[in-house]
2 protein chains.
Amino acid sequence: MTEERRYVILADGWFADRHAKTAHGLIAYGRDEVVAVIDSTLAGRNVLEVMPGLRRDAPIVGTLQAALELSSTSVLVGLAPAGGRLPGEWMDTLSGAAEAGLEIVSGLHQRLAPELPGARVWDVREPPGDVPLFSGDGLRVEPKVALTVGTNSAIGKMTATLEVERAARERGFATEFVATGQTGIVIAGRGICIDAVVSDFAAGAAEQMVLRAAEASPDLILVEGQGSLAHPAYSGVTTALLHGSCPDCLILCADASEEEIFTGVSRPDIRNITLLYEGVAALVKPAPVVAVSLNTTGLDADAAERHIERVSEETGLPAADPVRNSAAPILDAILRTTKT
Amino acid sequence: MTEERRYVILADGWFADRHAKTAHGLIAYGRDEVVAVIDSTLAGRNVLEVMPGLRRDAPIVGTLQAALELSSTSVLVGLAPAGGRLPGEWMDTLSGAAEAGLEIVSGLHQRLAPELPGARVWDVREPPGDVPLFSGDGLRVEPKVALTVGTNSAIGKMTATLEVERAARERGFATEFVATGQTGIVIAGRGICIDAVVSDFAAGAAEQMVLRAAEASPDLILVEGQGSLAHPAYSGVTTALLHGSCPDCLILCADASEEEIFTGVSRPDIRNITLLYEGVAALVKPAPVVAVSLNTTGLDADAAERHIERVSEETGLPAADPVRNSAAPILDAILRTTKT
C-alpha cells in the first residue's frame with residue numbers, strides 16, 4: 001500500500017508561477033489531501049481563486065505556523081526551478097517543518113536529505129539502489145499497457161496520462177498509473193524518476209514499475225512517458241521507456257506549436273514520428289500509436305477544434321484534447337486495441 | 001595529452017577465455033605498451049602463441065613478482081566477468097601491485113577504489129562527476145563524425161571502429177577514436193562509459209567527448225557505438241549516443257547469426273533497422289548509414305564472402321568484414337559522405 005499523506009505545499013512567492021508545476025500537479029491529480037498552500041503573497045485567498053484550472057481547493061496561508069495548525073503529515077517543496085536548486089530562505093522553513101515532525105517531500109535535482117540531517121526526507125528524484133537490468137518479464141504481463149510518447153518534451157504527456165486514467169476510473173476500470181518523473185511520482189505516491197537512473201538500468205526501472213503495477217491485476221496500466229524521440233537531450237530516456245515498459249499501444253502527445261524543439265532541431269512531422277515510434281517499439285514488441293492527445297493551450301475554441309480535426313485527418317487516428325474536452329476518445333482507442 | 005602507461009595484464013587462469021576481452025582489446029588495439037600478461041596456467045609462453053589474432057606479442061608470466069621486473073606503470077584487471085565482480089584471490093595480487101607503486105586499472109562494474117584505499121586506481125567505468133546536459137554544441141563541430149551502430153549488442157562495433165581508425169591512420173588521416181565503453185576506454189586511455197552515466201546526461205557525455213575530440217582538429221572522429229536500437233536493455237544508451245554524438249554518417253555493424261537477440265525478441269531485418277537508425281537520427285540531424293561492417297566469425301572464407309555479397313545487395317551499401325578482410329571499403333564510404 002502507498003502511504004497516505006496530508007500535504008502542506010511550500011510555494012512562497014511562486015504558487016501562481018508555471019515553475020510550481022509539481023504543486024499544481026499534486027493539487028489537480030494527487031491521491032493525497034492538500035491541507036494548505038504556503039505563499040505569503042497570496043495569503044488569505046484560496047487555490048481555486050488563483051488557479052481555477054486545478055479543480056481542487058485548499059486555503060493559501062502566509063506562514064508555516066499557520067499551515068501547521070491544519071494537522072499535515074508532509075511538506076512538499078512546490079517548485080521545480082530551472083537550475084534545480086532550492087531558494088536559500090526556504091531551507092529555514094523546511095528545518096522548522098522537520099522539527100515539527102513533518103516529512104519533507106522534494107522533487108528537486110538537489111537532494112535535500114544530506115542537507116536536513118535527522119529529518120524524514122523523501123527525495124523523489126532519488127532512484128532506488130537496487131534497480132535490475134531489463135529482464136524480459138515485462139513482455140509477459142497480463143494487463144494491457146499504454147504509454148504516452150511525444151513530438152516534444154514538456155507538452156503534456158503526464159497530464160494526458162492522468163486524464164485518461166481519470167476517465168478510465170470513472171468508467172469503472174481498475175487502472176494503474178505508472179509515474180516516471182518527479183511530479184507524477186508525487187501525485188502517485190510512488191514511482192521511479194527514469195532520467196535519474198544510470199543508463200544501463202533505465203529500461204529495467206521502467207519494467208520493474210510495470211511489473212509492480214501488474215501485481216494489482218488492473219484492467220489497464222498507463223505509463224507516463226518522458227522526453228521525446230526527437231529531443232536530443234532526452235531521446236535515450238524516451239527509448240528506454242519505450243522498450244522497458246513493454247507497452248501494447250502508444251498515445252502520441254502533440255501540440256499546435258511550430259517552434260523548434262531545440263536550437264537547430266525542427267519539430268518533427270507528426271506522421272513521421274508516429275512511424276518511428278511504432279518502428280522502434282516493434283523491434284522488441286509491436287505497439288501501435290492508437291490516438292493523438294493534443295495540447296491546444298493558447299488556441300481559442302474554434303482554432304482548437306480545427307486543429308484537432310486536422311491532426312485526426314493527417315494521422316488517420318482519433319485525436320482529442322483531454323484537458324479542454326475529454327479523454328474519452330483516447331481511452332476508447334486504448335480499449336479497442338488488443339494486447340500485442 | 002593522454003598519460004602513457006606500461007601495462008601488466010592480470011588474467012590468471014583466464015587469458016585465453018573470451019571474458020578476458022578487455023585484455024585482448026588492449027593488446028590488439030591499445031596505444032600503450034603491454035610488458036607482460038600474468039596467467040600461471042600459460043606461464044612461459046607468449047601472447048601470439050596463445051592468441052595469434054591479437055597481432056602484438058608480450059611474454060606471459062606466472063606471478064606478479066615476475067611481471068614487476070619488467071618496469072610497468074599499471075596493472076590492468078584483464079577480465080570482464082558476467083557478474084562484474086572480481087575473483088576474490090586477485091585482490092591480494094592487486095594490493096601487492098599497489099604497494100609496489102603500480103596504478104590499478106579496472107573496467108569492472110564493481111569499483112575498486114573503495115576496496116584498495118591508498119592505491120592509485122583508475123575505475124574505467126566511473127563517469128566524471130561533472131557531465132553536463134546535451135548543449136547542441138556538438139551539432140556544430142567541424143570534423144566529420146562517424147558512429148557505429150548495430151543490429152545487436154556485442155557484435156563487434158568497437159572492433160569495427162578501431163579497424164576503420166587503423167585504416168584511416170595508415171592512409172595518413174588524423175583520426176580521433178571516441179571510446180564509450182570500458183574496453184575502448186582502456187585502449188584509448190580516455191573516454192566515458194556511457195551506460196554508467198545517469199540517463200539525463202548520457203547524450204551530454206557523448207557530446208562532450210566529441211567536442212573534446214574535435215579540439216585536436218582531426219580529419220575524422222570515429223565514435224564507438226553501444227548496444228542496439230533493437231536490444232530492449234540497451235536501446236536507451238544507443239539512442240543517447242545516436243543523438244548525443246551528432247554523427248554525420250553511420251556504420252551498421254551486423255553478423256551472420258539468426259539467433260534471437262533477447263528471449264522473445266527476433267534479430268531485426270537489416271533494411272528495417274537501417275531505416276530506423278536513419279529516421280531517428282534525422283529527427284535531430286541527418287546521418288545516413290553509408291556502409292555495413294560484417295562480423296563473419298564462424299563462417300568459412302567462401303560462406304563469409306557470399307554473406308558479405310548478399311548483405312551488400314540487400315542494403316545497396318558497401319559491406320566488408322574489417323577483421324577478416326579490410327576496413328578500406330568502410331573507410332572509403334565514410335570519406336565519400338559529406339558533413340550533414
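Note on naming: letters A, B, ... go to the chains in the order of the sequence lines (proteins, then strands), and numbering restarts at 1 for each one. Basis for what follows: all heavy atoms, side chains included, without hydrogens, waters or symmetry-related copies.
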Task: Separation of B/L242 CG from A/T239 OG1 (nearest 0.5 Å) - done: 9.0 Å

- [ ] Taking heavy atoms only and a threshold strictly under 4.5 Å, list by residue number the residues of residues 243-251 of chain A that touch chain B; give 'none' if the list is empty.
- [x] A/H243

Task: CG on B/L283 to CD1 on A/I261, rounded to 0.5 Å - done: 7.5 Å

Task: Per-residue contacts, residues 126-144 of chain A versus chain B, heavy atoms under 4.5 Å - done: A/L133, A/F134, A/S135, A/G136, A/L139

Open item on the list: For the interface with chain A, which of B/S266, B/A240, B/A230 has the highest count of heavy-atom pairs at distances below 4.5 Å?
Closed with: B/A230

Task: Residue pair A/A203 / B/P232: nearest heavy atoms and the distance that separates them - done: CB-O, 3.3 Å

- [ ] Flag the one option from B/C193, B/A282, B/S199, B/A196 with the top tally of heavy-atom pairs under 4.5 Å to chain A.
- [x] B/S199

Open item on the list: Among B/S228, B/A233, B/P268, which residue has the highest count of heavy-atom pairs closer than 4.5 Å to chain A?
Closed with: B/A233

Task: Residue B/V237 versus chain A: region with a heavy atom under 4.5 Å - done: side chain

TODO: Evaluate the side-chain proximity of B/L276 to A/L276: yes if any heavy-atom separation is below 4.5 Å, no if none is.
DONE: yes

- [ ] Select, from A/I194, A/V265, A/V198, the one with the greatest count of heavy-atom pairs under 4.5 Å involving chain B.
- [x] A/V198

- [ ] Examine whether an atom of B/D269 lies under 4.5 Å from a heavy atom of chain A, and if so say whether it belongs to the side chain, the backbone or both; otherwise answer neither.
- [x] neither

